[in-house]
Protein chains: 2
Amino acid sequence: MTRTPLSDVACSIARATDLFGDAWTALIMRDVLTGIGRFDDLVHDLGVSRKVLAARLSRLVEEGVLARERYQERPPREHYVATAKGAELYPVLLALMNWGDRWYAGEAGPPARIHHLTCEHDTTMVAACAHCGEPLTVDNTTQLPGPGGQIGPGTQVIGPLIASRAGEHPA
Amino acid sequence: MTRTPLSDVACSIARATDLFGDAWTALIMRDVLTGIGRFDDLVHDLGVSRKVLAARLSRLVEEGVLARERYQERPPREHYVATAKGAELYPVLLALMNWGDRWYAGEAGPPARIHHLTCEHDTTMVAACAHCGEPLTVDNTTQLPGPGGQIGPGTQVIGPLIASRAGEHPA
DNA sequence: CTAGCCGAGTTCCCTCAAGAAACTAAAGAT
DNA sequence: ATCTTTAGTTTCTTGAGGGAACTCGGCTAG
């Protein structure tokens, strides 16, 4: 892509997408957050070309999402770990995973489970309202312009914009 | 991209990313979910090239995420609306937006607010555990292989993999 | 009735980025 | 002295994205 300057747009989704809206970046973050931080391990696990991986990693380090850290002195070796900023991308990954599980898991069920150490249950992510804890959905939310600038033409109520019958829930 | 076959991988994030891991797709979904469904409106709102938009839209329709619907008969005009499958991508967008707000909102604050109609508060999304309602974070979760296949090398506990000090929280 | 306009795309050309695979380079290990 | 591991660069080719012009059905205004 020839750098369409999405980051300029007054939209946090656009800003986030400018960094994260790339097939590899999401997968790199998944791996790094699950402990795969070494260059060659990422190459093998993802099947990404070394060139592209190097480019993504340095972008992510530049953005402060990952950090390059020495993990052994002799011989000196570096790997990549998530910063706090990077760790906060975890909900994005959970949301993607949740959606993938719901719509693409085969007969056998989802390929991975999330185990919540706090409550000791296997679980899934719910997009909950920070205020009341109820799920946030397209139908029960509205987007309004915020203090940081108006949000272009997308300033309407989100409502009955779901297709009438198409695409029913899976099993 | 030359179609690296991510959808084959036994990982729901990879599957979701195969479709959604594209700078434009996320923004198209944002627009469609907020009511911008017409071809030319999308071109103008996003600044995407008509060729790429046409390609993305037909892919999204193929995948059952969007539906092409006639919204007036004379003259016949079609626009795009989200299916149920598409509407369920909303949490992904909320998570991206949340992250963008936290890390890229300027002085003025975030460019848009989410208003929860149910509880009547402006709110943000929390990645909550479906079981206990507490937030899911990198530190309090573990990924385990699920019924639908093992998840490659990423089968470790997620834990102290956050960079020691780098990337502290914003204001 | 013919010229113009609108919405929804196609087509064409060009450039730049992704893929593949070989190459480099430092530092042990055998 | 050579081999291996790790972490990248370099080179080359193909193909996807950007930009802009073109198409096409169907109203609508003069």
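Values in this document were obtained by computation on a predicted structure and should not be read as measured data.
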Can you check whether [X] has a side-chain N or O nearer than 4.0 Å to OP1 or OP2 of [N]?
X	N	value
Arg68(A)	dG8(D)	yes
Tyr71(A)	dA7(D)	yes
Arg50(A)	dT10(D)	no
Arg38(A)	dG8(D)	no
Trp24(B)	dG18(D)	yes
Tyr80(A)	dT6(D)	no

Legend entry - The single option from Leu19(B), Asp22(B), Leu66(B) passing side-chain contact (heavy atoms from CB on, under 4.5 Å) against Arg56(B): Asp22(B)

Which whole-number value in Å describes the distance from [X] [atom1] to [N] [atom2]?
X	N	atom1	atom2	value
Leu60(A)	dG8(D)	CG	P	13 Å
Glu78(A)	dT6(D)	CD	C1'	10 Å
Leu53(B)	dT11(C)	CG	C1'	16 Å
His44(B)	dG18(D)	NE2	P	16 Å
Leu57(A)	dT6(D)	CG	P	16 Å
Arg77(B)	dG25(D)	CZ	C1'	8 Å
Lys51(B)	dC12(C)	NZ	P	11 Å
Glu73(B)	dG25(D)	CD	C1'	14 Å

As a test of reading the structure: which of [options] is closest to the side chain of [X], going by heavy atoms?
X	options	value
Phe39(B)	dG18(D), dG9(C), dG25(D)	dG9(C)
Asp40(B)	dA7(D), dA8(C), dA27(C)	dA8(C)
Pro76(A)	dA27(C), dT6(D), dC12(C)	dA27(C)
Arg74(B)	dC27(D), dT10(C), dC6(C)	dC27(D)

In plain terms, say whether [X] and [Y] are close enough for a salt bridge, that is, a side-chain N and a carboxylate O under 4.0 Å apart.
X	Y	result
Arg70(B)	Glu73(B)	yes
Arg50(B)	Asp40(B)	yes
Arg38(A)	Asp45(A)	no

Legend entry - Among His121(B), His115(B), His116(B), the one residue meeting ring pair (Phe, Tyr, Trp, His ring centres under 6.0 Å) with His131(A):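 Among His121(B), His115(B), His116(B), the one that satisfies the ring pair (Phe, Tyr, Trp, His ring centres under 6.0 Å) with His131(A) is His121(B).
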
Legend entry - 5' precedence on DNA chain D between Gln72(A) and Ala54(A) (nearest-nucleotide basis):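 Residue closer to the 5' terminus by nearest nucleotide: Gln72(A).
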
Legend entry - Nearest-nucleotide 5' precedence on DNA chain C, His79(B) against Ala55(A):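 First, find each residue's nearest nucleotide; the 5'-ward one identifies His79(B).
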
